[in-house]
K.L.:
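First the structure, then my questions, so here it is.
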Amino acid sequence: MSITSTFSVNSANSSNVFSYSNNSISRFISFSSNHNNSKLFFLNKISNFRRSTRSLSLKNLASDQTQILKETVTEEGLVPSLINFTPDSASIASNIKFHAEFTPSFSPERFDLPKAFFATAESVRDALIVNWNATYDYYEKMNMKQAYYLSMEFLQGRALLNAIGNLELSGAYAEALNKLGHNLEDVARQEPDAALGNGGLGRLASCFLDSLATLNYPAWGYGLRYKYGLFKQTITKDGQGEVAEDWLEMGHPWEIVRNDVSYAVKFYGKVVMGSDGKKHWVGGENIKAVAYDVPIPGYKTKTTINLRLWSTKVPSEGFDLHAFNSGDHVKAIEAQANAEKICYILYPGDESVEGKTLRLKQQYTLCSASLQDIIARFERRCRSAVNWEDFPEKVAVQMNDTHPTLCIPELLRILIDVKGISWKEAWNITQRTVAYTNHTVLPEALEKWSLELMQKLLPRHVEIIEMVENELLQTIVSEYGTEDLDLLEKKIQEMRILDNVDLPASIKEVFVKSEEISVVDSDEAENSLKEVENSGEENENSGEENENSGEENVNSDEIEPTDEEDESKEKVSVKKKTFFEPDPKLPKMVRMANLCVAGGHAVNGVAEIHSEIVKEEVFNEFYKLWPDKFQNKTNGVTPRRWIRFCNPDLSNIITKWTGTENWVLNTEKLADLRKSADNEDLQNEWRAAKRSNKMKVVSFIKEKTGYVVSPDAMFDVQVKRIHEYKRQLLNILGIVYRYKKMKEMSDKERKAKFVPRVCIFGGKAFATYVQAKRIVKFITDVGATINHDSEIGDLLKVVFVPDYNVSVAELLIPATELSQHISTAGMEASGTSNMKFSMNGCVLIGTLDGANVEIREEVGDDNFFLFGAQAHEIAGLRKERAEGKFVPDPRFEEVKAYVRSGVFGPYNYDELMGSLEGNEGYGRADYFLVGKDFPSYIECQEKVDEAYKDQKRWTRMSILNTAGSYKFSSDRTIREYAKDIWNIEPVELP
């Protein structure tokens, strides 16, 4: 049987692609215009079967030279392998020129930087497609188990340098571009970051794809193609502003639209019973999800996997031509607008019903289109008879947080309604296929959706969720029995999927307790029955505290009968309700995290401390029920992007002192640096690399903010999403305290006391998160005051870098010396930026939260600045605060008063400072314990100053941070997922 490849590029879009149809296989050829040294990129077809060959002549449009391609055709179709060919700079330069001329995105008059970038990217894409097609075709042939990673975010960053680095062509491309009059780094800077994510969730997903490809695991990623991203951040005197991202305006050279790969996605409508006895979801609104593919190359491997992004639209018939010609232009495009807006914005504001609806549509679109695609691939690879019991043996679906939770009811819907499988079989298949990664302990981030909204938008899925809930409740009853109804009720309330919704009838019956009451005659029995019912009614009205008091009263009033009395009395069964009724004042909700736990076979946290919190607090009842479901998979980051490519100076030093480049693939080699940490030559090289990186940031800050900072100062950096629990407010209040103390000293005193610092912030506050935006405004106001204070000069600078993204991180992280990870203990699941900073020799200051705990263990207590309350203390400290027992440190009160004095401008910061005061109330009472940890924080910062003054000690700490970061490679994390959750094996291409 022939193998069908969907990975082909239309020759109208790329003149270096020749499509030749033979058994539905696409051929790819790339040419050099050098007449004496023609190079071919092509697939050499091999087979163990009997061969026949034929020649195919192609004309090279660029060089007018005839090339000959030998094809091998077998009875089994065409099986691709790869030629071990490395292009030289001359052939690359020729290929770039070819694309500039024949794949034009710009006017032909000049070859400027934007045009050079697109032509270079298209040249690199040519090389990627060879491996990409071969990878896909080989997976089709081998039909091994494949993992699918579903995520609402993929924060890719720029692709050019990463791609040529993984292809080991960095030098050749740099030389080729020099021949064409350009510098590789200047060309790479023309690429906008793909606006497909916001924070650590999306960056983790992208690191995972890099590791999956590098380690040769069969896997794909699935996401949405957001036209305008989250937003582009601007910083003005008024704080943060938001404008739409423009990353797609000039086109995206890495993606290939698959117009032949699209799936129908339905919303609204109703569920009817068909004549075939099956449920049918009919009517409603129908859209089409179209695939856009992005190749993900591995490092030093042929394996190139796929990130498939969905874009939404409606067919042309969705355009209402009659309405348009009648002048109702809005109505004419209504269907198209409703479809397209699903993929406009990442995380649209959800304070309105429309916003909530749009978010739910996004999540369902991702799940439905991806699962339809996965199932179609499974059926195709089965070739003849499809055995659905084999589905979990061929498919692993990983849900990155709760956003893709609808995978569970959607997979059940397709299996039951479309494929005709029984509920029991479908439920078993689904549970064996799906797994869930939890990324948060914050209650507001454990998604809950309005049942009313979901019933309206996805009526069939609500029916299926009810079936899942019933399955879960039956399991709980079976496990815990009915002897202790109070315990059973507690378990159900904690674990059920539908919140504030009436229990199914079969479960209600469990909570009707029978008691036999002996009476003398039927009149007494009737009176006794009335008495018990009245007692029950009184108890129900008495509140939750005394819920079982009626039952207790009946028991206490019972008199043990004698044997004679027992014979003469009748027995009457009395039934009494003991379960909670739904509260009509509260909304009915669907708990998505509980659905994830119930519907999958594995649940993992992303750091050791986080996984313990998941088991002991977040999902404790589930953990007691299914302890084997729960795992830890500490996050990691790819050392390719986050050391090898973004910090070449440090990378070269590591290679020199470890004696191998193999550390890029086996980060355990980084530990070898420990034995040289005190070596003076290594320390000098280490400091020189850090200063070189700092000089780049000095230029960047001047370009982006206008501020001039000194490379001789310590670079103190906190860059991450702006959120109260991440405590940028603690950092800036510490800076305010530092500034106030400086102002109280003479010039000589302050220079003796303080180490010069450049304090750098970056990150986006969600557009509707008012308090986070106040924090951004506060940081910029403090910076404006301090940076213009001539008395302070270079002793202290405060910079907020606008529009923080992956590319900015790649510049800032290698230059950072102190990195702040200071979240309230127990609230950060893991963090990944802490790993990136540690890899790059940054010393961390932080709490025992998330991956900080494990980083500190690996780098050594002496090489990590620790402060603050610990996770197990937090609940008690909040209770203490609520009881009015907290006494703030005088230094904390001093700094708040200083802010309120107006020294940082006329803006009223009462709301911001007020959030740190009081003992209770929304937005009050210092929920994130800034005041509690403030004294410990500023004292720890004094220790930082002392350590930095001793540069030998500091450099040693820096080296030991890199040496101890080996554990935090995403390669290690992916191996654990593959072995413990997905059950997949590496597959190397022949």
Side-chain angles (χ1 to χ4, degrees), residues 199 233 235 239-240 442 444 716-740 757 759-766 769-786 796 798-801 804 818-828 831 833 845-847 849-850 867-869 874 877-878 881 886 888-889 891-901 903-905 907-918 921-941:
Q233 182 191 53
I235 298 296
Q240 173 181 293
L442 298 178
E444 66 269 22
D716 171 355
V717 176
Q718 187 181 20
V719 283
K720 52 186 73 219
R721 179 166 52 94
I722 309 297
H723 197 291
E724 288 170 278
Y725 89 84
K726 293 180 183 287
R727 299 204 296 191
Q728 286 90 352
L729 185 55
L730 175 60
N731 185 353
I732 192 63
L733 288 174
I735 292 168
V736 169
Y737 182 79
R738 187 181 186 90
Y739 176 63
K740 184 176 185 296
R757 287 203 199 194
C759 301
I760 301 172
F761 293 83
K764 296 178 180 179
F766 192 66
Y769 191 173
V770 176
Q771 191 75 325
K773 294 178 80 168
R774 286 191 185 117
I775 292 170
V776 174
K777 167 66 174 165
F778 183 40
I779 293 168
T780 57
D781 282 353
V782 171
T785 299
I786 293 176
L796 184 61
V798 179
V799 177
F800 193 101
V801 175
Y804 179 68
L818 180 72
S819 178
Q820 304 217 25
H821 303 273
I822 57 177
S823 52
T824 311
M827 302 199 76
E828 185 76 85
S833 65
I845 180 172
T847 53
D849 195 24
F867 75 96
I874 301 302
L877 291 169
R878 286 179 179 144
R881 181 77 182 229
F886 173 69
D889 187 278
R891 292 167 291 185
F892 187 59
E893 296 301 287
E894 179 185 348
V895 79
K896 286 190 297 175
Y898 192 57
V899 171
R900 284 181 162 129
S901 72
V903 68
F904 300 114
Y907 187 84
N908 187 340
Y909 283 108
D910 281 346
E911 288 285 343
L912 189 59
M913 294 300 106
S915 70
L916 307 174
E917 297 170 338
Y922 180 76
R924 303 275 294 174
D926 194 11
Y927 184 78
F928 301 100
L929 303 181
V930 173
K932 175 64 181 177
D933 281 351
F934 184 78
S936 175
Y937 176 69
I938 60 174
E939 288 160 12
C940 192
Q941 286 285 13

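Remember, predicted model here, so these are calculated numbers, not experimental data.
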K.L.:
Are any non-hydrogen side-chain atoms of F761 and V798 less than 4.5 angstrom apart?
P.N.:
yes
K.L.:
Does the side chain of L929 come within less than 4.5 Å of L877's, by heavy atoms?
P.N.:
yes
K.L.:
Does a side-chain heavy-atom distance below 4.5 Å link L912 with I775?
P.N.:
yes
K.L.:
Less than 4.5 Å apart, any side-chain heavy atom of I845 and any of Q941?
P.N.:
yes
K.L.:
Do F867 and Y937 have their ring centres less than 6.0 Å from each other?
P.N.:
yes
K.L.:
If you round to the nearest 0.5 Å, how far is CZ of R881 from OH of Y927?
P.N.:
13.5 Å
K.L.:
Does some side-chain heavy atom of V930 sit less than 4.5 Å from a side-chain heavy atom of F892?
P.N.:
yes
K.L.:
Looking at CZ of F928 and CE of M827, how far apart are the two atoms once the value is rounded to the nearest 0.5 Å?
P.N.:
5.0 Å
K.L.:
Show the numbers, then the answer: is there a side chain to side chain contact (heavy atoms under 4.5 Å, CB included) between E828 and H723?
P.N.:
CA-CA 11 Å; E828 185 76 85; H723 197 291; over 6 Å; no
K.L.:
Is a side-chain N or O of S823 found less than 3.5 angstrom from the main chain of Y725, in a donor-acceptor match?
P.N.:
no
K.L.:
Please tell me whether E894 and Y737 have a donor and an acceptor in their side chains that are separated by less than 3.5 angstrom.
P.N.:
no
K.L.:
If we only count heavy atoms from C-beta on, is the D910 to R900 side-chain gap below 4.5 Å?
P.N.:
yes
K.L.:
I'd like to check E917 versus R924 (side-chain heavy atoms, cut-off strictly below 4.5 Å). Are they in contact?
P.N.:
yes
K.L.:
First locate atom OG of S936, then atom CG of D889, and finally report the distance between them rounded to the nearest 0.5 Å.
P.N.:
10.5 Å
K.L.:
Mind checking salt bridge (charged side-chain N to carboxylate O under 4.0 Å, His left out) for D716 and listing every partner two or more places apart, or none if nothing turns up?
P.N.:
R757
K.L.:
Could you label the plane-to-plane angle of the F904 and Y739 rings as parallel, tilted or perpendicular, counting under 30° as parallel and over 60° as perpendicular?
P.N.:
tilted
K.L.:
What distance do K932 atom NZ and R878 atom CZ have between them, rounded to the nearest 0.5 Å?
P.N.:
13.0 Å
K.L.:
How long is the straight-line distance from CD1 of I722 back to CG of L729, given to the nearest 0.5 Å?
P.N.:
11.0 Å
K.L.:
Using only atom types and a distance under 3.5 Å, with no angle test, would you say the side chain of Q728 pairs donor to acceptor with the backbone of R721?
P.N.:
yes
K.L.:
Which residue, R727, K726, K720, forms the side chain to side chain donor-acceptor pair (under 3.5 Å) with H821?
P.N.:
K720
K.L.:
What's the verdict on side chain to side chain contact (heavy atoms under 4.5 Å, CB included) for L733 and F778, showing C-alpha distance, side-chain angles and the deciding distance?
P.N.:
CA-CA 10 Å; L733 288 174; F778 183 40; 3.9 Å; yes
K.L.:
Within a reach of under 6.0 Å around CD of E911, are more than 12 heavy atoms found that belong to other residues, nucleotides or ligands?
P.N.:
no
